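First up is the structure itself, then whatever we jot down about it.
These numbers were taken from a predicted model, which means no experiment stands behind them.
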Amino acid sequence: MGLFYAYFRNVNDDWSYRYVAVFATREVADEWWRAVSESSNSRFAGSVKRITPQLYTHDPNIYLVFTSLTTADVAPKFLGKVFFTLLPNRDAYTGFAPIPSPAMTDHVSGNIFFIRSKANPEEFWYCPPGQSGLVAGGTPVYSSTGNRTRFRIARISDSGSTPANSIMIGSDKISIELAASADLSVTTQQTAAGVSQVIVGTAGTMYFGDLKTSFRAGTGVASACYCNSGEGSCTCGSGNIVRDLIRTNDGEEWELFN
């Protein structure tokens, strides 16, 4: 992913101390926000609010937002990965072009998402229900272009709790649960061939960054059950082709979608 942009608006008015921030990537933007929002400098942390991935407010009467990069207890490790440009006051210049605003999914902990291939947006993670309409523990998770499953993804803190509404970053430990069943989460099992097959089980955690590097679709299989939404019936093993999903060190990139 290329450069990522965000506006910073003065919380006190709509014409002064407006900035555009240029981050090295979208991931860097979220990591910068984590550092600022959880900083031990509570005055700085309280002066910046994240409205959307590309819109923030700040209070220049407390701190100038760009000083987050030079303030020791805020976010100095991001110096060189982001820079802030002060925009002219509202009435002084009218030629500024809007920053790019790509479609994106906000990575909010506790929300429900589909998981799809970054290379092929038509390909989704799919965990088929059985003929009863329910998913059983040990059911494989597949890659499918015809079906998709909703998952609830939550950040797990060091204390084991799941902070609500926080923005997830690559180093976060997460759980990926079936949206329809909080008792089942994505994990892996070793097959006889020595492959780490992705399944749903009673416990499973990973890092949020694993979605970029640690999973890929394998060979096609025809044994998955497919349930037609609204029709109340399931068909198993009748030639419906999906692909095994496996955990590996050389994975494809997957992304959240809602």
Side-chain angles (χ1 to χ4, degrees), residues 1 4 23-35 38 53 77 81 104-127 135 137-145 148-179 181-191 193-219 242-258:
M1 180 180 291
F4 186 79
F23 296 91
T25 64
R26 189 255 177 97
E27 288 78 14
V28 167
D30 287 344
E31 290 164 6
W32 173 87
W33 169 241
R34 171 67 61 79
E38 295 187 355
K77 68 180 181 180
K81 298 180 181 180
M104 68 183 73
T105 297
D106 208 2
H107 300 157
V108 179
S109 173
N111 281 5
I112 293 174
F113 307 92
F114 296 107
I115 302 175
R116 70 179 182 182
S117 167
K118 192 75 174 288
N120 178 13
E122 301 301 317
E123 191 170 5
F124 288 82
W125 286 21
Y126 173 58
C127 187
V135 176
T139 300
V141 178
Y142 297 104
S143 172
S144 170
T145 56
R148 63 186 72 176
T149 296
R150 300 196 310 158
F151 297 92
R152 185 183 305 278
I153 303 181
R155 170 191 171 198
I156 303 172
S157 71
D158 292 339
S159 65
S161 62
T162 53
N165 302 320
S166 58
I167 304 303
M168 295 178 288
I169 62 175
S171 59
D172 283 339
K173 184 177 287 186
I174 61 168
S175 64
I176 302 180
E177 302 171 348
L178 290 180
S181 176
D183 295 330
L184 294 175
S185 58
V186 173
T187 184
T188 60
Q189 69 176 3
Q190 205 76 4
T191 68
V195 174
S196 292
Q197 182 184 33
V198 180
I199 64 168
V200 291
T202 55
T205 62
M206 66 186 72
Y207 291 101
F208 187 61
D210 289 344
L211 289 173
K212 281 184 167 290
T213 60
S214 299
F215 299 93
R216 65 176 173 85
T219 57
V242 293
R243 293 202 292 164
D244 288 312
L245 192 65
I246 62 176
R247 185 151 189 171
T248 177
N249 292 327
D250 58 347
E252 308 162 20
E253 186 170 350
W254 303 84
E255 63 181 0
L256 305 187
F257 177 75
N258 56 17

Donor-acceptor under 3.5 Å ([X] side chain, [Y] main chain):
{"X": "Thr248", "Y": "Gly251", "value": "no"}
{"X": "Ser175", "Y": "Glu177", "value": "no"}
{"X": "Ser117", "Y": "Pro121", "value": "no"}
{"X": "Arg155", "Y": "Ser166", "value": "no"}
{"X": "Asp172", "Y": "Ile174", "value": "no"}

Atom of [X], atom of [Y] and distance for their closest heavy-atom approach:
{"X": "Thr187", "Y": "Gly201", "result": "CG2-N, 3.8 Å"}
{"X": "Phe113", "Y": "Met168", "result": "CE1-CE, 4.3 Å"}
{"X": "Ile112", "Y": "Arg152", "result": "CD1-NH2, 3.5 Å"}
{"X": "Cys127", "Y": "Pro140", "result": "SG-O, 3.8 Å"}
{"X": "Tyr207", "Y": "Gly170", "result": "CB-O, 3.8 Å"}
{"X": "Phe4", "Y": "Met104", "result": "CE1-CE, 3.5 Å"}

Query - Residues which pass side chain to side chain donor-acceptor pair (under 3.5 Å) with Ser181, listed by chain and number, not counting sequence neighbours - result: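 With sequence neighbours excluded, Ser181 shows a side chain to side chain donor-acceptor pair (under 3.5 Å) to no residue whatsoever.
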Query raised in the report: For Glu27 and Lys212, what are the C-alpha separation, side-chain angles and deciding distance, and is it a salt bridge (charged side-chain N to carboxylate O under 4.0 Å, His left out)?
Result: CA-CA 11 Å; Glu27 288 78 14; Lys212 281 184 167 290; 3.2 Å; yes
**Report entry** Between Ser196 and Gln190, a side-chain donor and acceptor under 3.5 Å
**Finding:**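 Side chains of Ser196 and Gln190: pair found under 3.5 Å.
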Hey, what do you get for [atom1] ([X]) to [atom2] ([Y]), rounding to the nearest 0.5 Å?
{"X": "Leu256", "Y": "Ile153", "atom1": "CG", "atom2": "CD1", "result": "4.5 Å"}
{"X": "Trp33", "Y": "Ile167", "atom1": "CH2", "atom2": "CD1", "result": "8.5 Å"}
{"X": "Thr105", "Y": "Glu255", "atom1": "OG1", "atom2": "CD", "result": "7.0 Å"}
{"X": "Ser185", "Y": "Ile199", "atom1": "OG", "atom2": "CD1", "result": "9.5 Å"}
{"X": "Thr202", "Y": "Asp183", "atom1": "OG1", "atom2": "CG", "result": "9.0 Å"}

Query raised in the report: So, are Asp30 and Arg26 salt-bridged, with charged N and O less than 4.0 Å apart?
Result: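 So Asp30 pairs with Arg26 through a salt bridge.
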Query - NZ/NE/NH1/NH2 to OD/OE distance under 4.0 Å, Arg216 and Glu252 - result: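 Salt bridge between Arg216 and Glu252, a charged N being under 4.0 Å from a carboxylate O: no.
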Query raised in the report: Which residue pairs pass the salt bridge (charged side-chain N to carboxylate O under 4.0 Å, His left out) test when at least one of the two sits in residues 200-210, sequence neighbours left out?
Result: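 Found Asp210-Arg247.
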Query raised in the report: Who are the ring pair (Phe, Tyr, Trp, His ring centres under 6.0 Å) partners of Phe215, not counting sequence neighbours?
Result: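 So Phe215 forms a ring pair (Phe, Tyr, Trp, His ring centres under 6.0 Å) with Trp125.
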Query raised in the report: What residues, two or more places apart in sequence or in another chain, satisfy ring pair (Phe, Tyr, Trp, His ring centres under 6.0 Å) together with Phe23?
Result: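 Result, ring pair (Phe, Tyr, Trp, His ring centres under 6.0 Å) vs Phe23: Trp32.
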Query raised in the report: Between Gln197 and Thr188, is a side chain to side chain donor-acceptor pair (under 3.5 Å) present by the stated rule, with each step listed?
Result: CA-CA 5 Å; Gln197 182 184 33; Thr188 60; over 6 Å; no
Any chance [atom1] of [X] has more than 12 other-residue heavy atoms, nucleotides or ligands included, within less than 6.0 Å?
{"X": "Glu122", "atom1": "CD", "answer": "no"}
{"X": "Asn165", "atom1": "CG", "answer": "no"}
{"X": "Asn249", "atom1": "CG", "answer": "no"}

**Report entry** Arg148 to Phe114 six-membered ring, cation-pi geometry met (6.0 Å, 45°)
**Finding:**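 Checked: cation-pi criterion met.
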Query raised in the report: Can you name the residues that form a salt bridge (charged side-chain N to carboxylate O under 4.0 Å, His left out) with Lys173, not counting sequence neighbours?
Result: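 Here no residue qualifies.
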Query - salt bridge (charged side-chain N to carboxylate O under 4.0 Å, His left out) partners for Glu123, two or more places apart - result: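 Result, salt bridge (charged side-chain N to carboxylate O under 4.0 Å, His left out) vs Glu123: Arg243.
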Requested in this report: Apply the side chain to side chain contact (heavy atoms under 4.5 Å, CB included) test between Val141 and each candidate in Val198, Ile246, Ile176, Leu178; give the one that qualifies.
Outcome: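 It is Val198, the one option of Val198, Ile246, Ile176, Leu178 that forms the side chain to side chain contact (heavy atoms under 4.5 Å, CB included) with Val141.
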**Report entry** side-chain contact (heavy atoms from CB on, under 4.5 Å) assessment of Asn120 paired with Thr145
**Finding:** CA-CA 9 Å; Asn120 178 13; Thr145 56; 4.2 Å; yes
Query - Chi angles and distances behind the side-chain contact (heavy atoms from CB on, under 4.5 Å) call for Ile169, Phe208 - result: CA-CA 6 Å; Ile169 62 175; Phe208 187 61; 5.6 Å; no
Query raised in the report: Is the shortest heavy-atom distance from the side chain of Phe151 to the side chain of Ile115 under 4.5 Å?
Result: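 They are in contact (side-chain heavy atoms under 4.5 Å apart), so the answer is yes.
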